[in-house]
Amino acid sequence: MALGCQFSITRILISMQTASVRQVLGGDIAAGSTVIVQGWVRTRRDSKAGFSFIHLNDGSCFGNLQLVAPRDLANYEDEILKLTSGASLRCQGTVVESKGRGQSLEIQASSIEILGLVDDPDTYPIQPKQHSFEFLRTVAHLRPRTNTFGAVTRVRHAAARAIHEFFDQNGYYWVNTPIITASDAEGAGQMFRVSTLDMMNLPRTDSGQVDFGEDFFGRETFLTVSGQLNVEAFCLAMSKVYTFGPTFRAENSNTTRHLAEFWMVEPELAFADLKDLATLAEDFLKFVFARVLERCGDDMAFFAERIEPEAISRLEGLVDSEFVRMDYAEAVKILQASGQKFEYKPEWGVDLQTEHERYLTEKHCKAPVVVMNYPTEIKAFYMRLNDGGDTVAALDVLAPGIGEIIGGSQREERLDVLTRRMAEHGLDAETYKWFVDLRRYGSVPHAGFGLGFERLLNYITGLGNIRDVIPYPRTPGNAPF
RNA sequence: UCCCCGGUAGCUCAGCUGGUUAGAGCGGGUGACUGUUAAUCACUAGGUCGGCGGUUCGAAUCCGUCCCGGGGAGCCA
C-alpha cells in the first residue's frame, strides 16, 4: 500500500516535470501541458520576428523536438543566441501545435536553462552535415550525437532485447559463461592472454619457460573466444540454453567484418539435430528482424533513406520467406555450373571463399542461404561426424552483403568418436576432460550455433563496416577511448 | 599478414604532366532577412598541404622511408 502510493506519486511528479523528446513527439503529452525537456542542440535558427528555433535531441528517438524561444526570455541575448550544435539545455515550456511546417508539435519555451555551452564551437567536430564514418570513428565519444549512431544505438538495443525475448519465449535460459578461460577452445584463433605477472620480470621455471604457476590463476589463462564449450554443460542439464556476451579474438584481421572484441550469441539445444538447428536459426533471425522493424520504424526509415535503400524491404521480405537450404556438395555444384569466373575455383573439400558466398547469396538465391554438411577436414573437432565420415553436421547461414552471419553444428555426442577426433587434432585430453565427461554421463544429441551480433546489426542497418555498429570498436592497433 | 587506394582549413573535398600570395562548400564569427526546417544573402577569420629524408634554381605536386586511415584477400562470427 505504502509502496504503491509512493510509486504513483513519483510517476505523477515525473510526468509533470520532465518528458522525453519521444514522449512529446509521440503525442504522449497533451497539447497545452507544461513540461520540462532536456537534451542537446542539433541546430539553432534565429528569426528577427523575435524568436529562435532550436532543434533538440535527447536520444530517446530519431526525431528532434523544436523549441521556440521568444526574445523576451531573460537570457535570450546572452545565452540563447550563443547556442551552437552540441550545447546542452533544460527547457520548460508548453506543448503546442506548430505554426510551421515540418512538425506537428513543438515547445513554446517559457524558460531555457543552459547546462553546457560548447567550448570553441569552431572546432566542435559534429556538425549538422554528413560526416564520413571514418572520421566519426576518430571521435567515438561524440559520434553517439549523430543521427546515424543514435539510430544504431537504438537498433542495437532493440535487437539485443529481441534476442532475449525470442529465447525466453521459447524456453531457453541465458547462461553467463566465463570471459576468462584456460582452454584455447577449438583452436578457434589467437587468444588474448590474461595475466597479472610482471612482464618486465617474469618468473621462470628451471627449464627457462615462463612459470605460469606463479600467475593469478596458477596456470595460463586467456579471454574467451567462445562460450560454446562451457554452455554445452548447461545444455546437457537445462535442455535449452544460450550465451550472449563479449568474445575476444587476437587475430590480425583487418576487414569490415572483424573485431578483436565483439558480442556473440550462442544457443545450444539438446535432443536436436542439424535440421532442428537450421530451423532454429531461421526462426530466430526472422523474429529479431520483425521486432526491430516493429520497434525502430524511424531509425530503419533513416537507414533506408541514407545508408541502404533495401534496408527495410529486404528484412520484410526475409521475414515472410523461407531460407534457402542446401548441402555443401550442392553449393559447390551450383558454383561450378555457374559460369562465373572465380579467383578460386570452387572444389569439393575446399572451404567456400567470400566470392563464392557472395555469388550464392547475392546472385543465385538473392536470399540468406543455409549451407549444410561440410567436409570434415575443414571443420572443428567437436562437430558431429556424418555417416561415411567425409562430412560433418555443420551449417553456415550466409547473408547477402555480409557473408557468414551464423556458424553452427550438431555436436559430436558419441564418446568414442569424440575422443578419437580430439586425438587426431592433437588436443590435450586433460584440458578437455570435463568436456569429454559430458559424453560419458548421459550424453544426448545436441546442436548449437554462434551468431556475430555486430554482423547481424550490419545486415539490419545496411552499414558496411562492423566498426560502425559497436560503441567502441577494438581492432588490431586500435583501442582508443 | 598480403594486395590496392588515400592523408590539403574544424568537417567534406578540389588543386598533383613541378612554377608567384594553396581554393570551394559546410561549420565558426559579424551583419541583413525570414514561423525557420542541414534556412537564405553579404562580409570575415581560419592551413608546418601526415612525419622525416632526397631530387631540383624551385616540391602540396616527383622519389625513398616511416606513421596513420580506408577498401579488398586470408582467418572467422
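So that the names make sense, note that chain A is the first sequence line, chain B the second, and so on, each numbered from 1.
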Q) Below 4.5 Å, heavy atoms only, C-beta onward: do A:Val392 and A:Ser409 meet side chain to side chain? A) no

Q: Examine B:C11: is either OP1 or OP2 under 4.0 Å from a nitrogen or oxygen in the side chain of A:Gln130? Give yes or no.
A: no

Q: Output yes if the stacking criterion (under 5.5 Å between centres, under 30° between planes) is met for A:Phe262 over the base of B:A77, else no.
A: yes

Q. Considering only B:A39, B:A77, B:G35, which nucleotide approaches the side chain of A:Thr43 most closely?
A. B:A39

Q.
Under a 3.5 Å distance rule, please check whether A:Gln410 uses its side chain to pair with a backbone N or O of A:Ala393 as donor and acceptor.
A. no

Q: Would you mind classifying the nucleic acid contact of A:Arg467 as base, sugar-phosphate or nothing, using non-hydrogen atoms under 4.0 angstrom?
A: sugar-phosphate

**Q.** Separation of atom CG in A:Leu352 from atom P in B:C76, rounded to whole Å
**A.** 12 Å

(Q) Among B:C75, B:G35, B:U1, which nucleotide has an atom closest to any side-chain atom of A:Phe53? (A) B:G35

Q. For every nucleotide of nucleotides 46-51 of chain B, 5' to 3': is a protein heavy atom under 4.0 Å from its base (B), only from its sugar-phosphate (S), or from neither (-)?
A. ------

Q: Give a yes-or-no answer on whether the side chains of A:Ser52 and A:Tyr76 include a donor-acceptor pair shorter than 3.5 Å.
A: yes

Q. Say you pick atom C1' in B:U56 and the same atom in B:C63; how far apart are they, in whole Å?
A. 12 Å

Q.
Between A:Arg257 and B:A73, is there a contact of a side-chain N or O with OP1 or OP2 at under 4.0 Å?
A. yes

Q.
Under 6.0 Å between ring centres: does that hold for A:Phe248 and A:Phe222?
A. no

Q) Which listed nucleotide (B:U37, B:G74, B:G70) is nearest to the side chain of A:Arg45? A) B:U37

**Q.** Selected nucleotide, minimal atom distance to A:Arg137 side chain, candidates B:G28, B:G70, B:C11
**A.** B:G70

Q) Would you find a donor on one side and an acceptor on the other, under 3.5 Å apart, between the side chain of A:Ser98 and the backbone of A:Glu106? A) no

Q. Can you check whether A:Ile405 reaches A:Tyr459 side chain to side chain, under 4.5 Å on heavy atoms?
A. yes

**Q.** Among B:U12, B:G29, B:A73, the nucleotide that comes nearest once only the side chain of A:Thr84 is considered
**A.** B:G29

Q) Considering only side-chain heavy atoms of A:Arg455, which listed nucleotide, B:C75, B:G27, B:C76, is closest? A) B:C76

(Q) With a cut-off of less than 4.0 Å, is there a side-chain N or O of A:Thr123 near OP1 or OP2 of B:G28? (A) no

Q) With rounding to whole Å, what would you report as the distance between B:G71 and B:G46 at their P atoms? A) 36 Å

Q.
Say we look at B:G19 and B:A45: how far apart would their C1' atoms be, to the nearest angstrom?
A. 29 Å

